[in-house]
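In what follows, a structure is listed as structure tokens, so that the remarks can point back to it.
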Amino acid sequence: DTGVSQDPRHKITKRGQNVTFRCDPISEHNRLYWYRQTLGQGPEFLTYFQNEAQLEKSRLLSDRFSAERPKGSFSTLEIQRTEQGDSAMYLCASSAGQGFSTGELFFGEGSRLTVL
Amino acid sequence: DQQVKQNSPSLSVQEGRISILNCDYTNSMFDYFLWYKKYPAEGPTFLISISSIKDKNEDGRFTVFLNKSAKHLSLHIVPSQPGDSAVYFCAASRDNYGQNFVFGPGTRLSVLP
């Protein structure tokens, strides 16, 4: 399977703990996106990378959120000192780059975070 | 304030009939619109898109209509099949770059056999 994969699929943690999610995009895609989806809402953009460069991070929800894509392949999203309001589905998506005709993002299955 | 609205949280349609899912937006700068479909325990998958230079785009059983003056778009599925049962998200953007996509809250479509 050569789709976008995310790990773990579900993470349960206690408030105040740090969590990290990993995303492996489709191998030939140079753009990688992180979105968050809460119950009853659509995906909400957080940040994106073109290759290893993080080109937009102002919409990360707070300074407790950070993302990396060190070699332009996989990416990690870290949430420090988790709060109950961080409970959500974290979606990763990849695309072939700017100028592609359809605007199609390829999403992974998501990582569901539950903060107790 | 939601920039992209899908006012029907759910919709039920009989198999073989037409499904019409609606989406309204408020930002007049939006020029590109997409529909994504999501099954349970899966990520959203791209369905169809339309740019503002068109008022209709068709792909098999799926047709998207855009009314820019009304800031309204709709997705028509004809004929509806049970496998179409999913949550449908409308998204809008000023371009076709993913970092600018604004998603609506989704409409859950149930196609009844």
Side-chain angles (χ1 to χ4, degrees), chain A residues 1 3-10 21 23-26 29-50 53-60 67 88-112, chain B residues 1-10 21 23-25 30-54 57-59 62 64 66 73 75 86-108:
Chain A
D1 183 39
V4 177
S5 63
Q6 293 188 243
D7 183 71
R9 295 289 307 278
H10 195 181
F21 302 114
C23 172
D24 288 89
I26 293 171
H29 285 178
N30 57 13
R31 284 201 162 197
L32 184 149
Y33 304 83
W34 285 99
Y35 284 80
R36 183 180 80 152
Q37 185 178 11
T38 54
L39 195 62
Q41 300 298 316
E44 174 190 12
F45 171 76
L46 296 178
T47 187
Y48 87 101
F49 295 83
Q50 180 153 325
Q54 190 174 14
L55 298 184
E56 172 61 65
K57 57 182 179 180
S58 66
R59 288 160 65 183
L60 285 167
M89 177 74 82
Y90 291 87
L91 293 164
C92 176
S94 68
S95 71
Q98 64 185 19
F100 56 96
S101 60
T102 63
E104 181 174 4
L105 299 179
F106 293 81
F107 282 91
E109 294 170 323
S111 293
R112 180 170 296 283
Chain B
D1 182 33
Q2 280 193 336
Q3 296 188 73
V4 178
K5 302 176 185 179
Q6 294 176 259
N7 291 324
S8 297
S10 63
L21 294 95
C23 177
D24 296 286
Y25 61 96
F30 288 150
D31 272 333
Y32 193 73
F33 307 89
L34 310 94
W35 287 92
Y36 277 78
K37 177 171 74 173
K38 184 181 184 305
Y39 293 120
E42 295 185 11
T45 55
F46 172 77
L47 197 54
I48 194 169
S49 63
I50 188 169
S51 72
S52 61
I53 61 173
K54 294 185 173 182
N57 189 25
E58 194 171 354
D59 184 2
F62 302 90
V64 57
L66 175 62
L73 65 155
L75 175 68
V87 177
Y88 290 79
F89 293 102
C90 169
S93 178
R94 59 178 189 262
D95 50 41
N96 65 350
Y97 300 161
Q99 67 271 21
N100 296 322
F101 291 176
V102 179
F103 285 84
T107 295
R108 181 177 301 278

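A quick note: this is a predicted structure, and the numbers were derived from the prediction, not measured. First the proteins, then the strands, lettered A, B, ... as listed; each starts at 1.
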Problem set entry | Sequence-distant partners of A:Ile26, side chain to side chain contact (heavy atoms under 4.5 Å, CB included), two or more places apart | A:Val4, A:Glu28, A:His29, A:Ser94, A:Phe106
Problem set entry | Residue, of B:Ser51, B:Pro44, B:Pro9, B:Gly43, that accumulates the most heavy atom pairs under 4.5 Å with chain A | B:Pro44
For this session: Decide whether B:Gln2 and A:Gln41 meet the rule of one side-chain donor and one side-chain acceptor closer than 3.5 Å.
Result: yes
Problem set entry | Residues which pass ring-ring contact (aromatic ring centres under 6.0 Å, His included) with A:Tyr35, listed by chain and number, not counting sequence neighbours | A:Phe45, A:Phe107, B:Phe103
For this session: Measure across A:Leu105 and B:Tyr36 and return the closest heavy-atom pair with its distance rounded to 0.1 Å.
Result: N-OH, 2.8 Å
Exercise. Got a second to check how far A:Glu104's CD is from B:Leu47's CG, nearest 0.5 Å?
Worked result: 10.0 Å
For this session: For A:Arg31 and B:Gln99, test the side chains for any donor-to-acceptor distance below 3.5 angstrom and give the result as yes or no.
Result: yes
Problem set entry | Contact origin within A:Arg112 toward chain B - heavy atom pairs under 4.5 Å | neither
Exercise. Given a strict heavy-atom distance threshold of 4.5 Å, which part of A:Glu44 is in contact with chain B: side chain, backbone, both, or neither?
Worked result: neither
For this session: Take A:Glu56 and B:Tyr97 through the test side-chain contact (heavy atoms from CB on, under 4.5 Å) and record every step on the way to the result.
Result: CA-CA 12 Å; A:Glu56 172 61 65; B:Tyr97 300 161; over 6 Å; no
